[in-house]
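Following: one structure in structure tokens, then a few remarks.
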Amino acid sequence: MDKIVVLDFGSQYSHLICRRIREFSVYAELVPYDISYEELQKINPTGIIFSGGPSSVYNSDAPIPENKIFDMNLPLLGICYGHQLIVNKYGGKVKRANKEYGSSLLTIDSNEDLLNGIGESIRAWMSHGDEAEQIPEGFQVIGHTESAKAAAIALKEKSIYGIQFHPEVVHTEQGTEILKNFVLKVCGAKQDWTMEGFIDTAIEKISKIDGNVLCGVSGGIDSTVVALLIHKAIGDRLKCVFVDNGLLRLNEEKEIEEMFKDNFKVDFTAVNAADAFLGKLKGVEDPEKKRMIVGEEFIQVFTEFAKGNGPFKWLAQGTLYPDVIESGVSKGPAAVIKSHHNVGGLPEWLNLEILEPLRDLYKDEVRKIAKILQVPEKLFMRHPFPGPGLSVRIIGEVTPTKLEICKVASKIVEEELIEAGLYEKVWQAYAAVGDDRAVGVVGDERRYGNIVMIRVVDSVDAMTADWTRLPHGLLEKMSNRITNEIEDVTWVTYTISSKPPATIEPQ
Ligand code: XMP
């Protein structure tokens, strides 16, 4: 398989470069900028990209890759800080300039190679405080903006390119075309990274392991795909366990069991531990305490299952590529199977090795695999759901009444969003409930009932979120249905706090 290696100099967009390249079916891998020459040789890349980063090349502590990497004679593309690194390395000059953030008009000076087919000009996304004042000898300017005279440069005979702007962000027009020009034309990489290919390779690798595999499934896309891949490789040597903690969305436990047992024919056990979880949560109001109790009880139930149904040699986990890189333990594409101990709070005496079939994948690639493996669309279009479940959507103590209100009201919110064609457009949507009550009139009778809070938010990564401006008619319909269909509810409110200062979940 051809590989593009992206050296990470700390840009917030580094992962995006890899994702964009993988979107046109070439494997791209993110590595730390200080990767050794020997390590890089082992990866055997077809081309190298230097990412952007917050540093200035003229500072004494500027991150610089190993010198020998420049002598590998591989096609090289520097983006933003990477561009400045190339200028500096080959004898040009980088200076502090007026900061340039946002969209600039890039005029194309040479339509060959990197900027082939891009036309006369494009809007390009800039985010930098330094610029190339003087380009190295032998290099040629292939694009400029009003303020950056050397916004794109090339040393064509050595296939070295530098661009000041970010082709990986959607705000750069034809950014993907520029990356494609580099990867496909300059590097000559083959488009052989497909999810069908990944599935075959993963199954082949997993089929070589011995012993039984334990996989906790939640009904979420990652654990489902992990289970299906392993099942295809080793059949019933895989045992899936699903812990019903009583804090799931309405009827979710039945849907998940049905999917695994009937659709997928996987060895699946649902452990009904609702009473144990709800018992431990009785009388507990503090949000952090609730989270802790749910976490500890989960480990307890899981450990019991492992003890009673083993022996297991492996524990399967749905770790994804961004988690691997963030934790700084990237081992590259060969490391589908990695072993270490005591992950996720499980006791060490269980002595489980860790199996992480998705550790080289981005979320959108996992979705593609789910589609290929015929996971019902309903499941992978579903909003993210917090591990501690409805215990974080019930303010104060988790009681049977509040739990029922939360489940049914959330179902109504979901149904109405789906009906309005908005479910997939929002990040998360649910109804929360606390202990506040308000008076209502039902028929001729005054009733003192619960207040339900509808929460619908837009977000891209859950780090920040804004409340969704839902049409008033839709909110009205939700409110009517909730008060009509749930006897205990008299009032419905809509939460209009964004994150920050609020969070997405109320507890
Ligand atoms: P907050 O409430 O912090 O939530 O804005 C951000 C995102 O994380 C989810 N969330 C959790 N997920 N365990 C999880 O697995 C948790 O304890 C937890 N708390 C919040 C939340 O649903 C949102 O998507």
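Just so you know, ligand 1 is whichever comes first in the structure, and atom 1 is the first atom listed for that ligand. Since this is a predicted model, take the numbers as computed values, not measurements. In this chain, residues are counted from 1 in sequence order.
The aromatic ring centroids of His128 and Tyr81 lie 6.0 Å or more from each other. Aromatic pair His15/Tyr321: centroids less than 6.0 angstrom apart.
Closest to atom 2 (O) of ligand 1, if we only count protein heavy atoms, is Glu505 N, 2.8 Å. Nearest protein heavy-atom neighbour of atom 3 (O) of ligand 1: Lys499 NZ, 3.6 Å. If you check which protein heavy atom lies closest to atom 7 (C) of ligand 1, you get Ala462 CB, 3.8 Å. Nearest to atom 17 (O) of ligand 1 among the protein's heavy atoms is Arg291 NE, 2.7 Å. Among protein heavy atoms, the minimum distance from atom 14 (C) of ligand 1 is reached at Gly387 N, 3.1 Å. Looking from atom 16 (C) of ligand 1 to the surrounding protein, the closest heavy atom is Pro388 CD, 3.3 Å. Protein heavy atom closest to atom 11 (C) of ligand 1, with residue, atom name and distance, is Pro386 CB, 3.6 Å.
Looking at Ile504 next to ligand 1, an N or O pair under 3.5 Å apart turns up. Taking any N or O of Gln428, backbone or side chain, at least one lies under 3.5 Å from an N or O belonging to ligand 1.
In this structure, Glu252 contributes its side chain and Arg249 its backbone to a donor-acceptor pair below 3.5 Å. Under the 3.5 Å distance criterion, the side-chain polar atoms of Trp314 are matched with a main-chain donor or acceptor of Asp210.
For Arg393 and Tyr430, the positive end sits near the middle of the six-membered ring, less than 6.0 Å away and at most 45° from its axis.
Here Glu365 does not pair with Arg19 in a salt bridge; the nearest charged N to carboxylate O distance is not below 4.0 Å.
Residue Leu358 forms a side chain to side chain contact (heavy atoms under 4.5 Å, CB included) with just one option from Ile221, Thr319, Leu229, and that option is Leu229.
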